[in-house]
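Remarks on the structure that follows.
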Amino acid sequence: MRDVWRDTRIFAGGLVLGVVLALLVPVAIRAISGLAPDTGDELDYVTVVSDVDPLTPRLSVVAARLDSSTGLAWQAPLLSRSSIPSQPTTLTPERIAELSAVVTVPDVERYSVDGVMTNLASDESVRVHGAFYLVSVNRLDPAQDWLLENNRIFVDDAQERARRTFRAGSLIVYYAPTGEADETDAIRRYVNEVVRCPRALGPCPG
């Protein structure tokens with residue numbers, strides 16, 4: 001009889017210990033994890049071509065170079081803000097509202113946005129080349145802040161899953177290779193050329 005009681009006490013003690021450990025071990029793991037430094041890079045999703053350059057790009061050149069650099073017809077018009085009376089602003093609230101149906105447009109004032117361009121209004125271009133979207137801000141800090149937020153960019157789920165992000169100073173380029181051909185290498189070449197030759201068209205020296 002004593003053996004039975006002893007076995008019962010041992011079983012009950014083991015059961016209690018098991019319950020306590022089941023409760024305490026996850027808490028301990030969480031506490032230890034909280035003490036460990038977070039070594040993840042919040043911008044590891046960005047291909048940084050340059051943190052700084054180009055400093056003062058001409059957006060008209062940046063826009064025109066897309067087709068000339070890649071050898072493709074992207075049908076990606078430039079929409080920009082202008083402080084010069086002879087150059088009207090095309091990045092208007094109405095156009096931003098239209099764009100918001102397909103991409104996320106940063107708050108123009110908060111992030112100092114001075115231009116955007118995308119081919120998303122051309123079904124043919126998107127079908128053949130994939131989705132292209134460029135955001136230009138006029139200072140480096142807002143570009144960094146925007147990238148750190150890592151917002152959803154493309155409304156289309158397939159485009160967003162395939163999205164690749166490039167940074168060249170205050171220019172941010174998004175590309176989703178969801179078309180008939182993957183033009184990632186062409187986009188990478190384009191971004192590199194914009195860094196080297198941001199203010200003049202024509203051949204860009206390597």
Side-chain angles (χ1 to χ4, degrees), residues 43-84 87 89-91 95-96 99 102-106 108 111-122 125-126 128-151 153-154 159 162-179 181-206:
L43 295 178
D44 61 1
Y45 74 98
V46 181
T47 298
V48 179
V49 178
S50 173
D51 283 319
V52 177
D53 296 319
L55 287 174
T56 56
R58 287 180 61 189
L59 290 188
S60 59
V61 169
V62 170
R65 189 171 287 282
L66 176 62
D67 286 5
S68 65
S69 175
T70 61
L72 303 170
W74 286 90
Q75 301 181 58
L78 171 66
L79 301 176
S80 61
R81 300 173 76 198
S82 175
S83 58
I84 304 172
Q87 298 179 2
T89 291
T90 52
L91 186 60
R95 295 306 301 272
I96 292 173
L99 286 172
V102 289
V103 290
T104 300
V105 181
V108 170
Y111 294 99
S112 303
V113 176
D114 55 7
V116 302
M117 52 187 289
T118 182
N119 70 332
L120 288 170
S122 170
S125 178
V126 173
V128 176
H129 307 311
F132 173 88
Y133 177 46
L134 177 146
V135 176
S136 172
V137 301
N138 58 29
R139 290 185 295 113
L140 295 175
D141 287 347
Q144 180 83 355
D145 292 343
W146 173 251
L147 288 169
L148 283 170
E149 288 190 14
N150 194 14
N151 294 285
I153 298 302
F154 295 109
Q159 292 171 359
R163 167 168 63 96
R164 296 167 186 180
T165 305
F166 300 85
R167 178 182 183 183
S170 58
L171 298 175
I172 302 163
V173 173
Y174 301 102
Y175 173 63
T178 52
D182 185 340
E183 304 295 352
T184 301
D185 288 343
I187 294 298
R188 186 179 288 108
R189 182 172 64 251
Y190 161 68
V191 177
N192 274 279
E193 285 193 7
V194 165
V195 169
R196 298 194 308 272
C197 308
R199 299 188 59 80
L201 286 173
C204 184

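Small disclaimer: the values here were computed from a predicted structure and weren't measured.
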Original post:
Do Ser82 side-chain atoms and Gln87 backbone N/O form a donor-acceptor pair below 3.5 Å?
Top reply: yes
Original post:
For the side chain of Arg81 and the backbone of Val113, is there at least one donor-acceptor N/O pair under 3.5 Å apart?
Top reply: yes
Original post:
Which distance, rounded to the nearest 0.5 Å, do you find between the CD1 of Ile187 and the OG1 of Thr47?
Top reply: 12.0 Å
Original post:
CG/Leu59 to OG/Ser136 distance, rounded to the nearest 0.5 angstrom?
Top reply: 4.0 Å
**OP:** For Tyr133 and Ala176, indicate whether the former's side chain and the latter's backbone hold a donor-acceptor pair under 3.5 Å.
**Re:** no
**OP:** State, with a plain yes or no, whether a side-chain heavy atom of Thr56 is found less than 4.5 Å away from one of Pro198.
**Re:** no
Subject >> Reported CZ-to-CG distance for the pair Arg95 and Leu99, which is rounded to 0.5 angstrom >> reply: 6.5 Å
Subject >> Arg188 vs Tyr175 side-chain heavy atoms within contact, under 4.5 Å >> reply: no
Subject >> Any donor-acceptor N/O pair, Thr89 side chain to Leu91 backbone, under 3.5 Å >> reply: no
Subject >> Intermediate values then yes/no, side chain to side chain donor-acceptor pair (under 3.5 Å), Thr184 and Arg164 >> reply: CA-CA 8 Å; Thr184 301; Arg164 296 167 186 180; 2.3 Å; yes
Subject >> Atom of Ala76, atom of Leu66 and distance for their closest heavy-atom approach >> reply: CB-CD2, 4.0 Å
Subject >> Residues that Phe166 engages under ring-ring contact (aromatic ring centres under 6.0 Å, His included), provided they are two or more places apart >> reply: none
Original post:
For the side chain of Arg65 and the backbone of Tyr190, is there at least one donor-acceptor N/O pair under 3.5 Å apart?
Top reply: no
Original post:
In Å, rounded to the nearest 0.5 Å, how long is the span from OG of Ser122 to CZ of Phe132?
Top reply: 13.5 Å
**OP:** Show the numbers, then the answer: is there a side chain to side chain contact (heavy atoms under 4.5 Å, CB included) between Thr104 and Trp146?
**Re:** CA-CA 11 Å; Thr104 300; Trp146 173 251; 3.8 Å; yes
Original post:
So, the side chain of Arg167 versus the backbone of Gly169: is there a donor-acceptor pair under 3.5 Å, distance only?
Top reply: yes
Original post:
Which heavy atom of Ser125 sits nearest a heavy atom of Ala73, and at what distance?
Top reply: OG-O, 4.1 Å
Original post:
How far apart are the C-alpha atoms of Ile172 and Thr165, what are their side-chain angles, what is the distance that settles it, and do they pass the side chain to side chain contact (heavy atoms under 4.5 Å, CB included) test?
Top reply: CA-CA 7 Å; Ile172 302 163; Thr165 305; 4.1 Å; yes
Original post:
So how far is it from Leu140 CG to Ser50 OG, rounded to the nearest 0.5 Å?
Top reply: 8.5 Å
Original post:
What heavy-atom pair brings Ser60 and Leu78 nearest, and what distance separates the two atoms?
Top reply: N-CD2, 4.0 Å
**OP:** Compare every heavy atom of Ser170 with every heavy atom of Ala143, then report the nearest pair and how far apart it is.
**Re:** CB-CA, 3.9 Å
Subject >> Close side-chain approach of Ser69 and Arg189, heavy atoms under 4.5 Å >> reply: yes
Subject >> Val62 to Pro57 - nearest heavy-atom pair and separation >> reply: CG2-CB, 3.9 Å
Subject >> Point-to-point distance, once rounded to the nearest 0.5 Å, from CG of Leu79 to CG of Asp114 >> reply: 12.0 Å
Original post:
How about Leu43 and Gln144: do any of their side-chain heavy atoms sit closer than 4.5 Å?
Top reply: yes
Original post:
Do Glu183 and Thr70 come within less than 4.5 Å of each other through their side chains, counting heavy atoms only?
Top reply: no
Subject >> Those residues that, when tested against Ser112, pass side chain to side chain contact (heavy atoms under 4.5 Å, CB included) (two or more places apart) >> reply: Asn138, Arg139, Pro142
Original post:
Using the ring of each side chain (for Trp, its six-membered ring), is Tyr174 parallel, tilted or perpendicular to Phe154, with breaks at 30° and 60°?
Top reply: perpendicular
**OP:** Step by step, work out the side chain to side chain contact (heavy atoms under 4.5 Å, CB included) result for Met117 and Leu134.
**Re:** CA-CA 5 Å; Met117 52 187 289; Leu134 177 146; 3.6 Å; yes
Subject >> Closest approach of Asn119 to Val126 (non-hydrogen atoms, all atoms of both residues) >> reply: O-CG2, 3.5 Å
